[in-house]
Amino acid sequence: IGSGITGVNILADQDPGIDIGSKSDGKITAYSYNNLDDGEWYFLIKARNSSGWGPTGRFQFNIDTISPENLQISVPDDRDLTNPKVTFKFSAEDKTSGIDHFEIQLDDEKEISLATNIFEYETPILEPGKHILRVKAFDKAGNFIADSLEFEIEKLQPPTFTDYPEFLKVGEVLVLDGKTYPNSTINLWMQKDKGDMFKFEVRSGDNGNFRFIPGEQLEEGVYKIQAEVVNKWEAKSELSDQITIVVERPVYLRIGALLI
C-alpha cells in the first residue's frame with residue numbers, strides 16, 4: 001500500500017456489480033476468506049487517500065473443490081483383438097472450472113499428458129497378453145478423477161501346413177499348401193541340411209489358404225521348413241511346427257543294357 005493510502009475496503013462476492021460501500025477495513029496488505037462455495041467469485045477492492053475513495057477494482061477468481069466426473073474410457077466395439085495397436089477414446093465433465101488435461105499411463109510406462117482437445121490415444125505396438133490403461137482427468141483447479149481399463153492383445157496363431165510331400169525326387173516340384181488368416185503375409189523359413197536359413201514370402205487368399213512353390217528345383221538333401229504369419233497391423237505369430245521334406249536322387253537299377 002502506498003504511503004498516501006489511509007484505508008482499504010475489500011469484499012469477495014459472486015456479484016461483480018455489488019456496491020461494497022465506504023467502510024474502511026484498515027490499512028491491510030493481505031486478507032483471506034475461508035469456506036467459500038464453489039463457483040465464480042470476484043474480489044472487489046478500493047482505496048482511500050486524503051482526497052477520498054478511489055474507484056473499485058474487480059478481479060475474478062474461481063473456487064473449485066469438486067473433482068471432475070463422468071470419466072469414460074472406451075475402445076471400438078469392433079476392435080480386432082489381434083491388432084497390436086489399440087485406440088482409446090476418453091472424456092470427462094467438470095461443471096465449475098472445466099477439464100484442463102488428461103494424464104494417461106500404459107502398463108508401467110511413464111505417464112504422459114494430453115491437452116483437452118485430444119480425446120483419443122493410440123498405443124504403440126504391444127506384445128500379446130493383458131495390458132492396462134490408467135487415465136486421470138484434471139480440472140483447471142487441479143482436482144482429478146481416475147479410472148482404468150484392462151484389455152488384451154490376442155496372440156496370432158502360427159500357420160499350419162495342410163498338404164506337402166514328405167519325400168521328393170530330384171527334379172520334382174515342391175508344392176506346399178497351408179492355411180492361416182485371410183489376406184496375410186506368410187514368411188517361410190527353409191534350411192537345407194545344416195546350412196543357411198532362407199526366407200520366402202507368400203500371401204494368403206480371402207479364405208486364408210496359401211501355396212508355396214520354390215522358384216528353383218530342390219537339390220538332394222533334407223529340408224526343414226517353418227512359417228510365421230504377419231497381419232496388416234504388423235502383428236507377428238510365433239514360428240509354426242517344423243516340417244521335414246527329404247529330396248532324394250532316383251534309384252536306377254541297370255541290368256546289362258536294360259535300364260530299369
Side-chain angles (χ1 to χ4, degrees), residues 1-77 79 85-124 126 131-151:
I1 294 179
S3 58
I5 300 299
T6 59
V8 175
N9 188 359
I10 60 174
L11 179 68
D13 199 276
Q14 292 185 287
D15 180 5
I18 191 172
D19 183 3
I20 65 173
S22 299
K23 180 181 178 181
S24 175
D25 293 306
K27 294 180 64 175
I28 57 176
T29 58
Y31 195 84
S32 63
Y33 284 93
N34 297 316
N35 302 319
L36 293 180
D37 294 333
D38 281 25
E40 184 178 282
W41 288 79
Y42 294 87
F43 181 69
L44 300 96
I45 182 171
K46 64 181 179 179
R48 183 184 63 191
N49 59 19
S50 59
S51 300
W53 289 98
T56 301
R58 293 171 174 82
F59 306 92
Q60 180 185 336
F61 65 97
N62 295 321
I63 301 294
D64 184 2
T65 62
I66 301 175
S67 296
E69 56 186 6
N70 231 6
L71 175 58
Q72 304 288 330
I73 312 170
S74 63
V75 294
D77 293 335
R79 177 176 81 90
K85 291 184 177 181
V86 183
T87 299
F88 291 89
K89 292 184 178 181
F90 37 85
S91 62
E93 298 176 356
D94 188 85
K95 298 178 181 178
T96 305
S97 61
I99 298 298
D100 183 70
H101 68 280
F102 293 91
E103 288 185 2
I104 63 173
Q105 182 184 27
L106 177 62
D107 295 331
D108 295 324
E109 299 296 324
K110 183 179 179 181
E111 286 186 339
I112 61 175
S113 180
L114 300 176
T116 53
N117 61 335
I118 301 177
F119 297 104
E120 283 193 2
Y121 168 71
E122 183 180 67
T123 71
L126 300 174
H131 301 270
I132 185 170
L133 183 75
R134 300 177 178 87
V135 178
K136 294 179 181 177
F138 287 81
D139 64 20
K140 292 181 172 63
N143 307 305
F144 70 89
I145 184 174
D147 201 355
S148 63
L149 181 65
E150 293 185 352
F151 63 100

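Just the heavy atoms: all of them, side chains too, but no hydrogens, waters or symmetry mates, feed the values below.
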S.K.: For the residue pair I99 and K140, what are the closest heavy atoms and their distance?
M.R.: O-NZ, 3.4 Å
S.K.: Check whether any side-chain N or O of T123 sits under 3.5 Å from a backbone N or O of V86 as a donor-acceptor pair, and report yes or no.
M.R.: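 The answer is yes, because a donor-acceptor pair under 3.5 Å joins these two groups.
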S.K.: Side chains of D147 and V135: closer than 4.5 Å at any heavy-atom pair?
M.R.: no
S.K.: How far apart are the closest heavy atoms of K136 and A146, and which atoms are they?
M.R.: CG-CB, 3.9 Å
S.K.: If you define the side chain from C-beta out and look only at heavy atoms, does anything of P68 sit under 4.5 Å from N143?
M.R.: yes
S.K.: Is the shortest side-chain heavy-atom distance between Y42 and I18 below 4.5 Å?
M.R.: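 The answer is no; the side chains never approach within 4.5 Å.
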S.K.: Mind checking whether S24 and W53 have side chains closer than 4.5 Å, heavy atoms only?
M.R.: yes
S.K.: Any side-chain heavy-atom pair from R134 and E111 closer than 4.5 angstrom?
M.R.: no
S.K.: Donor-acceptor pair, distance only, cut-off 3.5 Å: does the side chain of D64 make one with the backbone of I66?
M.R.: yes
S.K.: Counting C-beta onward and ignoring hydrogens, is there a side-chain heavy-atom pair between N9 and R48 closer than 4.5 Å?
M.R.: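 A side-chain contact is absent here, since even the closest heavy-atom pair is not under 4.5 Å.
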S.K.: Take a 6.0 Å sphere around CZ of F102 and say whether it holds more than 12 heavy atoms from other residues, nucleotides or ligands.
M.R.: yes
S.K.: Going by heavy atoms in the side chains, are I10 and I45 under 4.5 Å from each other?
M.R.: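 A side-chain contact exists here, since the closest heavy-atom pair is under 4.5 Å.
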S.K.: Take atom CD in E150; do more than 12 heavy atoms of anything else shown fall under 6.0 Å from it?
M.R.: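 No.
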S.K.: Compare every heavy atom of H101 with every heavy atom of E103, then report the nearest pair and how far apart it is.
M.R.: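 That closest heavy-atom pairing would be OE2-NE2, 3.5 Å.
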S.K.: Provide the closest heavy-atom pair for F90 versus I73 in the form atom of the first, atom of the second, distance.
M.R.: CB-CA, 4.3 Å
S.K.: Are side-chain heavy atoms of S22 and K46 found at a separation under 4.5 Å?
M.R.: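 When only atoms from C-beta onward are counted, K46 and S22 do touch, with a gap below 4.5 Å.
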S.K.: For E109, is the CD atom crowded, meaning more than 12 foreign heavy atoms sit under 6.0 Å from it?
M.R.: no
S.K.: Looking at every non-hydrogen atom in both residues, tell me the closest pair between I20 and L44 and how far apart they are.
M.R.: CG2-CB, 3.7 Å
S.K.: When you measure from the side chain of D107 to the backbone N and O of I132, does any donor-acceptor pair fall under 3.5 Å?
M.R.: yes
S.K.: Between F88 and F151, is the gap from one ring center to the other below 6.0 Å?
M.R.: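 Centroid distance F88-F151: below 6.0 Å, so yes.
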S.K.: For L106 and P124, which heavy atoms make the closest approach, and how far apart are they?
M.R.: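 Smallest heavy-atom distance, with atoms named: CD2-CD, 4.0 Å.
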